[in-house]
Participant: 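Dropping the structure in here first, questions after.
Basis for what follows: all heavy atoms, side chains included, without hydrogens, waters or symmetry-related copies.
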Amino acid sequence: EKSLAVRIKILGEKHQDVAGSYINIGIIYWKKGDHKKALEIHQKSLTILLQLFGEDNNTVAQNYMYIGNAYRDNGDYDLAMGFIIKSLSIRHNLFGDKNPDVAESYLNLAKVYERKFDFTVSLDYCQRSIISLVSQFNDQSVYSNPSLAGISSESYLLDALKLKAKIFLHISNQSESSSQLANTNLEMSLSTYKLAVELIDKMRTGYKAEGSKLFLGEQVAEIYDRA
């Protein structure tokens with residue numbers, strides 16, 4: 001917050017770097033679990049960014065998403081959806097469907113619906129996120145997964161696959177254990193978790209830093225705990 005005060009003194013309130021400082025502070029409050037303070041800070045950055053760039057700007061879209069995520073984690077799901085949909089609309093207009101930022105907005109919508117226990121809609125947004133991330137994959141069936149080629153963001157794809165597998169496991173657990181549908185959903189969950197592990201192995205080969213490899217190892221452990 002000291003750097004913010006310095007930037008305001010030097011640059012004035014209406015400057016992109018000042019908005020950036022507000023965004024970073026808002027993220028810190030969000031990670032600390034102080035969602036109301038995060039919302040207050042992100043609203044300040046949004047006001048500046050809208051004055052500077054108008055609506056059709058990806059940084060504005062990112063800010064809308066941060067606000068939506070803070071509302072989601074505060075339990076205000078309808079407000080969360082409104083802001084994340086704004087983010088998605090801007091990004092889709094700017095970049096089209098095959099773009100990692102578009103995929104990120106789809107994925108955050110999936111997370112809201114998962115919190116609402118609306119697993120069918122959540123799976124649909126997971127699938128849209130995956131489609132946005134993989135250049136040659138366009139299958140809208142949630143029972144279809146991509147090959148691990150032509151990926152625009154491996155980290156976003158990993159998040160989408162993990163969430164998709166988790167939701168299929170939830171749906172399977174809600175069904176009669178002996179039913180064909182329960183078995184199909186369980187198999188889909190397991191195959192998606194396996195694909196996530198394959199992606200982690202692929203990512204490991206490109207990471208040299210030990211900290212990054214350790215993080216990916218923790219991701220594998222989390223997947224096996226869930227599966």
Side-chain angles (χ1 to χ4, degrees), residues 27 30-31 58 61-62 65-66 68-70 72-73 80 84 87-88 91-92 95-116 118-173 185-227:
I27 291 170
W30 174 66
K31 288 182 176 179
N58 193 35
Q62 187 79 17
M65 200 182 64
Y66 288 143
N69 288 345
R72 178 197 67 209
D73 292 342
I84 298 172
S87 167
L88 174 61
R91 286 173 160 179
H92 203 275
F95 305 123
D97 202 49
K98 295 287 186 179
N99 178 270
D101 290 335
V102 172
E104 184 188 26
S105 293
Y106 277 133
L107 183 58
N108 278 287
L109 276 173
K111 290 177 181 178
V112 174
Y113 279 101
E114 188 228 354
R115 293 280 187 92
K116 287 165 62 72
D118 192 338
F119 296 135
T120 300
V121 177
S122 184
L123 273 177
D124 179 63
Y125 280 119
C126 276
Q127 194 72 5
R128 293 188 194 192
S129 180
I130 292 166
I131 289 170
S132 293
L133 290 165
V134 184
S135 59
Q136 299 303 312
F137 182 69
N138 295 290
D139 195 335
Q140 296 181 11
S141 169
V142 296
Y143 290 94
S144 177
N145 279 328
S147 64
L148 298 180
I151 303 166
S152 60
S153 171
E154 291 176 337
S155 60
Y156 286 165
L157 182 59
L158 178 59
D159 285 345
L161 290 173
K162 284 167 58 183
L163 182 59
K164 180 178 177 179
K166 177 184 174 185
I167 294 168
F168 267 116
L169 186 58
H170 279 312
I171 295 172
S172 176
N173 289 337
N185 289 330
L186 181 59
E187 288 172 5
M188 193 65 207
S189 176
L190 290 172
S191 67
T192 305
Y193 274 130
K194 286 179 181 177
L195 186 61
V197 172
E198 288 177 29
L199 177 58
I200 289 171
D201 288 339
K202 183 174 184 289
M203 294 167 72
R204 274 177 170 162
T205 62
Y207 284 3
K208 295 181 180 180
E210 287 304 315
S212 297
K213 291 181 179 179
L214 179 61
F215 170 75
L216 291 174
E218 291 170 350
Q219 296 293 302
V220 173
E222 178 191 340
I223 288 170
Y224 281 121
D225 286 343
R226 290 188 180 278

Participant: Evaluate the ring planes of H92 and Y106, with Trp represented by its six-membered ring, and classify them as parallel (under 30°), tilted (30 to 60°) or perpendicular (over 60°).
Facilitator: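 Perpendicular, since the angle between the ring planes exceeds 60°.
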Participant: Could you state the interatomic distance from CG (L109) to CZ (R128), rounded to the nearest 0.5 Å?
Facilitator: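 Taking CG in L109 and CZ in R128, the distance rounds to 9.0 Å.
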Participant: Which heavy atom of S147 sits nearest a heavy atom of V134, and at what distance?
Facilitator: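 Scanning both residues, the minimum pair turns out to be O-CG1, 4.0 Å.
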Participant: Restricting to non-hydrogen atoms, name the atom on M188 and the atom on N145 that form the minimum distance, rounded to 0.1 Å.
Facilitator: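 Smallest interatomic distance, heavy atoms only, reads CE-ND2, 3.3 Å.
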Participant: Measure the shortest side-chain to side-chain distance between L163 and E114 over non-hydrogen atoms and say whether it is less than 4.5 angstrom.
Facilitator: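 When only atoms from C-beta onward are counted, E114 and L163 do touch, with a gap below 4.5 Å.
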Participant: Heavy atoms, side chains only, cut-off 4.5 Å: are V142 and C126 in contact?
Facilitator: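 V142 does not reach C126 side chain to side chain.
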Participant: Measure the spacing between CD of E154 and CG of L157 and express it to the nearest 0.5 Å.
Facilitator: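 Between E154 CD and L157 CG, I get 8.0 Å after rounding to 0.5 Å.
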Participant: Is there a side-chain contact between I84 and L88 (heavy atoms, below 4.5 Å)?
Facilitator: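 A side-chain contact is absent here, since even the closest heavy-atom pair is not under 4.5 Å.
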Participant: How long is the span from the CD1 atom in I131 to the CG atom in D139, to the nearest 0.5 Å?
Facilitator: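 CG of D139 is found 7.0 Å from CD1 of I131.
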Participant: What I'd like to find out is whether the side chain of L199 reaches to under 4.5 Å of the side chain of L195, using heavy atoms alone.
Facilitator: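 Not in contact.
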Participant: Could you report the tightest heavy-atom contact between A165 and S189, atom names first, then the distance?
Facilitator: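 Looking at all heavy atoms of both residues, the shortest contact is O-OG, 2.8 Å.
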Participant: State, to 0.1 Å, how close F137 and S144 come at their nearest heavy-atom pair, and which atoms those are.
Facilitator: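 Residues F137 and S144, closest heavy atoms: CE1-OG, 3.5 Å.
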Participant: Under the side-chain hydrogen bond (donor to acceptor under 3.5 Å, both in side chains) test, which residues partner S129, sequence neighbours left out?
Facilitator: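 None.
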Participant: Which residues pass the side-chain hydrogen bond (donor to acceptor under 3.5 Å, both in side chains) test with N173, not counting sequence neighbours?
Facilitator: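 N173: no side-chain hydrogen bond (donor to acceptor under 3.5 Å, both in side chains) contacts found.
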Participant: NE2/H170 to CG/N185 distance, rounded to the nearest 0.5 angstrom?
Facilitator: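 If we round to the nearest 0.5 Å, H170:NE2 and N185:CG are 12.5 Å apart.
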Participant: At their closest point, which heavy atom of D101 faces which heavy atom of R91, and how far apart are they?
Facilitator: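 Heavy atoms only, the tightest pair is O-NH1, 3.0 Å.
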Participant: Is N58 close to F95 at the side-chain level, that is, under 4.5 Å between some pair of heavy atoms?
Facilitator: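 Yes. Closest side-chain heavy atoms under 4.5 Å.
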Participant: For G68 and A80, work out which heavy atoms get closest and say how close.
Facilitator: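 It is O-CB, 3.2 Å.
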Participant: Are L190 and E187 packed together at the side-chain level, in the sense that at least one heavy-atom pair is separated by less than 4.5 angstrom?
Facilitator: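 A side-chain contact under 4.5 Å is absent here.
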Participant: Test K164 against I167 for side chain to side chain contact (heavy atoms under 4.5 Å, CB included), laying out the working first.
Facilitator: CA-CA 5 Å; K164 180 178 177 179; I167 294 168; 5.9 Å; no
Participant: Assess the residue pair K116 and V121 against the criterion (side chain to side chain contact (heavy atoms under 4.5 Å, CB included)); give the C-alpha distance rounded to whole Å, side-chain angles, the decisive distance to 0.1 Å, and a yes or no.
Facilitator: CA-CA 10 Å; K116 287 165 62 72; V121 177; over 6 Å; no
Participant: Please report the interatomic distance NZ(K194) to OG1(T192), rounded to the nearest 0.5 Å.
Facilitator: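 The distance works out to 10.5 Å.
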Participant: Can you tell whether the side chains of R115 and D73 come within less than 4.0 Å, N to carboxylate O?
Facilitator: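 Yes.
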Participant: How long is the span from the CG atom in D118 to the CG atom in L123, to the nearest 0.5 Å?
Facilitator: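 Here the rounded value is 10.0 Å.
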Participant: For the residue pair K98 and L133, establish whether any side-chain heavy-atom pair is separated by less than 4.5 Å.
Facilitator: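 With C-beta onward as the side chain, the pair stays apart.
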Participant: The criterion is side-chain hydrogen bond (donor to acceptor under 3.5 Å, both in side chains); which residues satisfy it with K111, sequence neighbours excluded?
Facilitator: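 For K111, no residue satisfies side-chain hydrogen bond (donor to acceptor under 3.5 Å, both in side chains) once neighbours in sequence are set aside.
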Participant: Is Y66 close to W30 at the side-chain level, that is, under 4.5 Å between some pair of heavy atoms?
Facilitator: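 Of all side-chain heavy-atom pairs linking Y66 with W30, none is under 4.5 Å.
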